[in-house]
Colleague: 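To start, I am sharing the structure in question, which I have written as structure tokens.
Indexing begins at 1, ligand by ligand and atom by atom, following the structure's order.
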Amino acid sequence: MSTTAPMHDHLDAVLFEEGEILARLDVIAKQITADYRDRDLTVVAILHGGLIMMADLLRRIRLPLKIECISVESYHGGVESSGEVRFNVSEMPDFSGQHVLVIDDILDSGRTLAAITRKIGDECAPESVRTGVLLNKRTERAVEVEADYIGFEIADMFVVGYGLDYQGRYRNLPLIGTLKEEYILPEHRAR
Ligand code: IMP
Ligand code: MG
């Protein structure tokens with residue numbers, strides 16, 4: 001597997017171009033601006049995947065919001081959800097009095113968003129907790145959870161870009177696409 005060729009050459013197909021993604025974020029940001037008017041809003045990015053959407057979305061929201069980041073991991077480098085959500089934080093932020101909006105790149109098995117919203121609700125005393133994802137994967141959830149704000153629906157496939165990684169790479173692709181098989185390790189192929 002050569003990872004040195006230009007990144008776009010690694011793509012098999014493009015699902016959503018940058019312009020489409022940003023246009024969709026415009027719509028969602030308007031909705032969020034209306035929904036959280038006159039409320040204290042803290043937006044929480046789930047690292048690392050939620051980072052790219054966070055940056056583009058927040059600059060479109062016309063509210064004096066605060067930001068936090070929470071680091072978790074559930075994939076551990078493969079192409080399928082591992083079933084375990086690890087929190088890499090020593091202390092959770094204090095969200096008392098805050099309406100919290102959790103942002104992640106994708107909703108897949110549901111474990112990550114479910115674990116985070118539960119932990120924030122249990123430990124951080126927020127006024128409310130809602131969720132937003134760029135992609136909603138149409139797959140069987142391991143945990144029943146749906147996002148409040150959704151960028152796009154996708155089929156049950158492995159995608160990279162715009163925050164989403166394979167083996168830690170491709171998060172900086174400004175679009176969402178699928179990888180050519182030659183860039184996927186043999187043990188992760190053929191889903
Ligand atoms: P869940 O806990 O199964 O819902 O998984 C959510 C996390 O898995 C996301 O934050 C992503 O980091 C990762 N993930 C799920 N689907 C994909 C994908 O298609 N490509 C890359 N990462 C993914
Ligand atoms: Mg990931």
Side-chain angles (χ1 to χ4, degrees), residues 1 3 7-8 10-18 20-21 24-25 28 43-57 67-89 100-121 129-185 187-191:
M1 179 171 74
T3 50
M7 197 165 39
H8 285 67
H10 296 206
L11 293 176
D12 180 35
V14 173
L15 269 70
F16 303 104
E17 296 281 2
E18 183 174 22
E20 268 180 277
I21 296 171
R24 183 69 191 131
L25 292 186
I28 295 174
V43 184
V44 179
I46 302 180
L47 300 179
H48 306 329
L51 209 54
I52 310 288
M53 170 171 175
M54 177 89 157
D56 282 336
L57 180 68
I67 67 173
E68 291 284 349
C69 296
I70 293 179
S71 175
V72 299
E73 249 174 285
S74 71
Y75 257 53
H76 312 307
V79 293
E80 274 181 88
S81 189
S82 69
E84 179 209 348
V85 178
R86 273 203 313 244
F87 285 82
N88 309 323
V89 285
V100 175
L101 175 60
V102 179
I103 298 293
D104 202 1
D105 46 11
I106 192 165
L107 177 55
D108 183 10
S109 75
R111 290 190 186 94
T112 306
L113 273 192
I116 287 175
T117 51
R118 189 174 344 106
K119 199 171 169 76
I120 289 176
V129 185
R130 292 175 117 187
T131 54
V133 292
L134 181 65
L135 301 177
N136 187 30
K137 206 183 263 194
R138 268 183 259 102
T139 179
E140 214 171 295
R141 303 261 192 262
V143 186
E144 220 173 292
V145 53
E146 291 308 326
D148 298 291
Y149 302 96
I150 293 170
F152 304 99
E153 305 282 336
I154 63 161
D156 191 1
M157 55 181 10
F158 188 79
V159 294
V160 294
Y162 215 82
L164 292 145
D165 71 300
Y166 174 60
Q167 304 259 293
R169 294 201 169 85
Y170 306 108
R171 293 190 198 276
N172 58 317
L173 266 173
L175 46 75
I176 302 278
T178 53
L179 283 175
K180 284 181 186 157
E181 197 168 71
E182 63 195 276
Y183 294 103
I184 298 174
L185 293 169
E187 60 266 36
H188 294 151
R189 283 177 201 165
R191 288 196 62 191

Colleague: Evaluate the side-chain proximity of Leu173 to Leu11: yes if any heavy-atom separation is below 4.5 Å, no if none is.
Modeller: yes
Colleague: For ligand 1, which atoms sit closer than 4.0 Å to a heavy atom of Thr112?
Modeller: 1 (P), 2 (O), 5 (O), 6 (C), 7 (C)
Colleague: Can a non-hydrogen atom of Val160 be found less than 4.0 Å from any atom of ligand 1?
Modeller: no
Colleague: Among Val102, Val44, Ile120, Val100, exactly one meets side chain to side chain contact (heavy atoms under 4.5 Å, CB included) together with Glu68. Which residue is that?
Modeller: Val44
Colleague: What atoms of ligand 1 come within less than 4.0 Å of a heavy atom belonging to Leu164?
Modeller: 20 (N), 21 (C), 22 (N), 23 (C)
Colleague: Give me the atom names and distance for the closest heavy-atom approach of Ile21 to Leu175.
Modeller: CD1-CA, 4.0 Å
Colleague: Is Gly49 close enough to touch ligand 1? Criterion: a residue heavy atom under 4.0 Å from a ligand atom.
Modeller: no
Colleague: At under 4.0 Å between heavy atoms, is it the side chain or the backbone of Val159 that contacts ligand 1, or both, or neither?
Modeller: both
Colleague: Please check whether Leu107 reaches ligand 1 - meaning an N/O of the residue sits under 3.5 Å from an N/O of the ligand, judged on distance alone.
Modeller: no
Colleague: Indicate, as side chain, backbone, both or neither, the part of Met157 found under 4.0 angstrom from ligand 1 when only non-hydrogen atoms are considered.
Modeller: backbone
Colleague: Would you find more than 12 non-hydrogen atoms of other residues, nucleotides or ligands less than 6.0 Å from Glu153 atom CD?
Modeller: yes
Colleague: Please determine whether the number of non-hydrogen atoms from other residues, nucleotides or ligands lying under 6.0 Å from atom CD of Glu140 exceeds 12.
Modeller: no
Colleague: Working to the nearest 0.5 Å, report the span between OG1 of Thr112 and CD1 of Ile70.
Modeller: 12.0 Å
Colleague: So if I count the atoms of ligand 1 from 1 in the order they appear, which ones are less than 4.0 Å from some heavy atom of Lys137?
Modeller: 16 (N), 17 (C), 18 (C), 19 (O)
Colleague: Taking only heavy atoms of Asp104, which atoms of ligand 1 are found under 4.0 Å from at least one of them?
Modeller: 9 (C), 10 (O)
Colleague: For ligand 1, note which part of Asp105 has a heavy atom under 4.0 Å away: side chain, backbone, both or neither.
Modeller: side chain
Colleague: Just checking His188 against Phe158, ring centres under 6.0 Å apart?
Modeller: no
